[in-house]
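Shown next, in structure tokens, is the structure this report addresses.
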Amino acid sequence: MSTPDKTPPSHFIRQIITKDVSEGKNGGQVATRFPPEPNGFLHIGHAKSICLNFGLASEYDGTCNLRFDDTNPEKESDEYISAIKSDVEWLGFEWAGDIRYASSYFDKLHGYAVQLIEKGLAYVESLTADEMREYRGTLTEPGKNSPYRDRSIDENLDLFARMKAGEFDQGSMVLRAKIDMSSGNINMRDPVIYRILKVEHHQTGSDWCIYPMYDFTHCISDAIEGITHSVCTLEFEAHRPLYDWVLDALETPSHPQQIEFARLNLNYTITSKRKLKQLVDENVVSGWDDPRMPTIAGLRRRGYTSSSIRNFCEMIGVTKSDGTVDMGMLEFSIRDDLDKNAPRAMCVLQPLKVVIENYPADARETLSVSAHPKNEAMGVREIHFTKELYIDQNDFAEVPPPKFKRLIEGGEVRLRGSYVIKCNEVLKDADGNVIELRCSYDENTLGKKPEGRKVKGVVHWVSAETAVDAEVRMYDRLFTSENPDGDKEVSFLDVVNPESLVVLQGCKAEPGLAKAQPEKPYQFEREGYFVLDGKDASSDMLVFNRTVTLRDSWAKISG
RNA sequence: UGCCGAGUAGCUCAACGGGUAGAGCGCAGCACUUUGAAUGCUGUUGUUGUGAGUUCGAAUCUCAUCUCGGCUGCCA
């Protein structure tokens, strides 16, 4: 990516912070946080938030905390915590100090809840969940006060203490903030702030049987950590009045400012942790890190680089309008990166044998080919020219379509980095399938244009003698629908692309590819960008994942 | 028939003390080319959701109206 002296474009959050800093608000400091719930893997939408929060912190010379918002032990687990940590690190960000956990504030949170009760601003509710729903009213009708709303402070204190002590059954009581049952904002209709959950917590074990709700926890956690700008997504907009209410009601160390931005939507993909989990649980994909998943782990295994993802996040901007980004943008950002940084290699995906009739059977020439056409610093690689070669089946046509410029019977083509060959004869099997091409090479065309004619086509190839076998996994978008989630009649599970993974066996790779490493991408010339699979490749079997194809204007011409 | 938010090129975004709209992606064409890639050049599309008003002048200010999104978990 070309980034010289390019200041990042401003957006509304940068403007707010710039203004705050210049006015000396918060002592001119900036402190943000990225607060995932450990209930699934992070996805590309989280990457946007991570880049925003950590990016803002570093731009303003501030800090960004990584805090697990772990207030619902029923859905959370430790395995997600470690996955999230490594995703954030891989993206290239460093959190300030130790990792934070909302659960480590449980004592303080409990104290604040007691403080709220003492101020007459919270009460213990004994209505059932169903009754509470009825009392809450609807979007167009106000709610009505609970008969338990006016319990005395002492009674509330006693009841809350006994909730904490485990005297009551799960679901029998909750602690509610006493705000306004007629508010137009349903979040303000006496929201629940503590519930009984007789569940072990992955961090605090069996210390607690009551757990604070998000709205109560998040703002206080931010305040405890001295967060200055609490950046979150649009769906929390209606929660902001509650965020502010809690902090105004309590004597907290600070009062951060919540700012909402539009979450990322990408076409042809889903960014819902719940649905992503469903794909994993129902074995539609091989796991959270399946290369087709829009998770950070999946993109990483697929061959995306962290810088391409960071770049993408900068490219799409930050606003309050809820739009859908074209997949093409993500693909642009990875191609842009890999075109510059991935060494080139040749790999024949669907081999077709080629025999050079005028080349001696026992000869072998070693050719030095540059690893990158525009970057000599990347060095050279060695490939071999021998009597028997492979080219791709797609690069030969018995009946060429219009404008076809690869190999045809009687025609010539350049073998990339090598000689021009001519196809003299086509051999077929009993079913009429082309199984071998008998060709001749022009010995005067190595590094030279052929004399007296023009050869337009260039084709990738490999020596049958020195090529190494490989499995290549051709990945494509996971869904056939632009908006897999958009149709209420059709489940996203029904629009999974059956060709999102096509496994090619018996591919022939140039010998240097035997030393491929995970996360070290290559461009397979004329095919796309590929990377060794980090999980399934072994010392005796190369397995490559296709990250993305090359731009393909031929596909547009040929349909 | 509530509250909140958003509506600028196909997509993502700029234009922020009012002066008839720009970029990236995409797309098209040309050049170059031992990747039908990359690169370079050129070009493309907008009655700034709509209708009024203020003004010499409005994407920017005012009013009205329409459309879309979020909100009725003891989820986050």
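Order of the sequence lines fixes the chain letters, A, B, ..., with proteins taken first and strands second; residue numbering starts at 1 for each chain.
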Partners passing ring-ring contact (aromatic ring centres under 6.0 Å, His included) against A/F479 (at least two apart in sequence or in another chain) = none

ask   = With nearest nucleotides of RNA chain B determined for A/G323 and A/V458 from heavy-atom distances, which residue corresponds to the more 5′ nucleotide?
value = A/G323

query = Does A/E59 have any side chain to side chain contact (heavy atoms under 4.5 Å, CB included) partners at least two apart in sequence or in another chain, and if so, which?
reply = A/R14, A/L56

NZ-CD1 distance between A/K164 and A/I196, expressed to the nearest 0.5 angstrom = 13.0 Å

task = Compare side-chain N and O positions of A/T319 against OP1 and OP2 of B/rC13 and report whether any pair is under 4.0 Å apart.
result = yes

note = Between the OG1 atom in A/T32 and the CD atom in A/E225, the distance rounded to the nearest 0.5 Å is 10.5 Å

query = Taking the six-membered ring for Trp, is the centroid-to-centroid distance between A/Y194 and A/Y211 below 6.0 Å?
reply = no

task = Measure up the A/H239 and A/F236 rings against each other and bin them: parallel (under 30°), tilted (30 to 60°), perpendicular (over 60°).
result = perpendicular

task = In whole angstrom, give me the gap between the P atoms of B/rC63 and B/rC27.
result = 43 Å

A/R414 (side chain) and B/rU34 (base): donor-acceptor pair under 3.5 Å = yes

key: Consecutive-pair stems (3 or more, Watson-Crick or G-U, under 3.5 Å) for RNA chain B   = B:2-7 with B:66-71, B:10-13 with B:22-25, B:27-31 with B:39-43, B:49-53 with B:61-65

request  = Flag the pair A/E525 and A/R381 as a salt bridge only when some basic side-chain nitrogen lies within less than 4.0 angstrom of an acidic carboxylate oxygen.
outcome  = yes

note = Between the OH atom in A/Y123 and the CG atom in A/L116, the distance rounded to the nearest 0.5 Å is 12.0 Å

inquiry  = Less than 4.0 angstrom between a side-chain N/O of A/R526 and OP1 or OP2 of B/rG36, yes or no?
reply    = yes

ask   = Looking for any heavy atom pair under 4.0 Å, which part of the strands does A/T324 touch: base, sugar-phosphate only, or nothing?
value = sugar-phosphate

key: P atoms of B/rU54 and B/rU8, separation to the nearest Å   = 27 Å

query = Can you tell me how far C1' in B/rU33 sits from the matching atom in B/rU39, rounded to whole Å?
reply = 9 Å

Please write out each protein N/O paired with an N/O of nucleotides 24-26 of chain B under 3.5 Å, distance rounded to 0.1 Å.
none

query = Which of parallel (below 30°), tilted (30 to 60°) and perpendicular (above 60°) describes A/Y80 and A/F41?
reply = perpendicular

message = Could you tell me how far B/rA9 sits from B/rU48 if I compare only their C1' atoms? Round to whole Å.
response = 10 Å

query = Quick one: which of A/D485, A/N483, A/T271, A/D322 gives a side-chain hydrogen bond (donor to acceptor under 3.5 Å, both in side chains) with A/N265?
reply = A/D322

task = Report the residues that fulfil side chain to side chain contact (heavy atoms under 4.5 Å, CB included) with A/K273, sequence neighbours left out, ordered by chain and then residue number.
result = A/E37, A/N39, A/H43, A/H46

Phosphate contact (B/rU35 OP1 or OP2) by A/R416 side-chain N/O below 4.0 Å = yes

ask   = Once each nucleotide of nucleotides 68-76 of chain B is scored for protein heavy atoms under 4.0 Å, what B/S/- sequence comes out, 5' to 3'?
value = -SSBBSBSB

Quiz item: A/K320 side-chain donor-acceptor pair to B/rA6 base, under 3.5 Å = no

query = Between A/E141 and A/K449, which is nearer to the 5' end of RNA chain B once each is assigned its nearest nucleotide?
reply = A/E141

